[in-house]
Amino acid sequence: MAIVDKYAPIGVFDSGIGGLTVAREIMRQIPNEKIIYFGDTARTPYGSKSKETVTRFSRQIVRFLQTHDVKAIVVACNTASAYALEELEKEIDIPIIGVVKPGTKAALSATKNGKIGVIATAATIGSQIYTKYIKESAEDDIVYGKACPLFVPLIEEGLWEDPVTDEIARRYLTELIDLDIDTLILGCTHYPLIRKALGRIMGPEVTLVNPAYETAIELKALLGEKGLLNDKAPTLGENQYRFYVSDMADKFKVFANSIIKYGILSAKTVNIEDY
Ligand code: DGL
């Protein structure tokens, strides 16, 4: 393991904007930490791409983040966690975590009837990763996966509270309601942004699990274990959070500012194919 500076930033990446829901949770739970965020806005979505492609993209982003001497990396994308994390873990010598395992853990502690639904991109559902991790801990639990490919474009269009989103959500979720699930994992980092609509449709009996929350808890524990928690509060004017994208920095900036309420954020464009 390389010698790592506990005051170094944490690298967080996603295919685009979804990972901001994870970054936001890290900001809330470990407010001393600095973050370098990368959103692959030029090549999003990942959810309809192959494992090989998502792994190649993820490797490039990890290389980019390492040029910023990050002390740890959070794969803030379910699709990249499902497809690339295992490979990345073998290739780097700093701590790296994804969102799938923490999401699984939270769902396992929430369910009472052992019937868990997962909504995510086609890639994440196709990988069966949530089923695999849940079954490793609770063999008898039943996992129902449902790909919801229209949610990401609806969310990116800003239709978080809109009858169109409610209608699409009803179509996707009715079969999960009929299967009597009591826990629903929001297995795509965009979905917490339509949590209210999802809650309305699933009803109060179903616990919605946002893996971002548990990911921040696990990240904090992992950094603590490795002596890497930043114990210094940020100084005034310090550029604590830095955002990079592969395209459309201005659009990203507007979106990021609507999700993260920690002051005006700016974003820079990077040619990620160079890494
Ligand atoms: N952020 C991605 C995820 O969590 C969804 C968006 C995409 O398909 O790239 O899976």
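Note that ligands are numbered from 1 as they come in the structure, with each ligand's atoms numbered from 1 the same way. Keep in mind that this is a model prediction, so the values were computed, not measured.
- Put simply, no part of G18 is less than 4.0 Å from ligand 1, judged by heavy atoms.
- With atom 6 (C) of ligand 1 as the reference point, the heavy atom nearest to it among P45, S15, A76, A212 is part of S15.
- Contacts between T189 and ligand 1, counted as non-hydrogen atom pairs separated by less than 4.0 Å, involve both the backbone and the side chain.
- When hydrogens are left out, the protein atom nearest atom 10 (O) of ligand 1 is T79 OG1, 2.7 Å; that is the closest non-hydrogen contact.
- At a heavy-atom cutoff of 4.0 Å, ligand 1 is contacted by the side chain of D14 but not by its backbone.
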Side-chain donor-acceptor distances from residues 173-181 under 3.5 Å, at least two apart:
| residue | atom | partner | partner atom | Å |
| --- | --- | --- | --- | --- |
| T174 | OG1 | R170 | O | 2.5 |
| E175 | OE1 | K146 | NZ | 3.2 |

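- Checked by atom type, the side-chain pair T41/D247 shows no donor-acceptor distance below 3.5 Å.
- Proximity of K71 to N230: side-chain heavy atoms (C-beta onward) are separated by under 4.5 Å at one or more points.
- Looking only at protein heavy atoms, the nearest one to atom 2 (C) of ligand 1 is C77 SG, 3.6 Å.
- Below 3.5 Å of separation, one finds an N or O of N78 facing an N or O of ligand 1.
- Between the side chain of R195 and the backbone N or O of L208, at least one donor-acceptor pair lies under 3.5 Å.
- Here the protein heavy atom with the shortest distance to atom 5 (C) of ligand 1 is C188 SG, 3.3 Å.
- Ring geometry for F151 versus Y191: interplanar angle over 60°, hence perpendicular rather than tilted (30 to 60°).
- Residues I119 and Y144 share a single hydrophobic cluster, defined by chaining ILVMFWY side chains whose heavy atoms lie under 4.5 Å apart.
- Of the options D14, L222, I10, L65, a side chain to side chain contact (heavy atoms under 4.5 Å, CB included) to V74 is made by I10 and by none of the others.
- In summary, the aromatic rings of F38 and Y244 are positioned with their centroids too far apart to meet the 6.0 Å limit.
- Of all atoms in ligand 1, listed by their number and element, those nearer than 4.0 Å to a heavy atom of Y46 are 7 (C), 8 (O), 9 (O).
- Taking a cut-off of under 4.0 Å to the non-hydrogen atoms of T44, the atoms of ligand 1 that pass are 9 (O).
- Side-chain contact of D40 with S15: a donor-acceptor pair under 3.5 Å is absent, judged by distance alone.
- Less than 4.0 angstrom separates some heavy atom of T121 from each of these atoms of ligand 1: 5 (C), 8 (O), 10 (O).
- Remark: ligand 1 atoms within the under-4.0 Å shell around heavy atoms of G47 are 7 (C), 8 (O), 9 (O).
- The ligand atoms of ligand 1 that sit less than 4.0 angstrom from a heavy atom of H190 are 1 (N), 5 (C), 6 (C).
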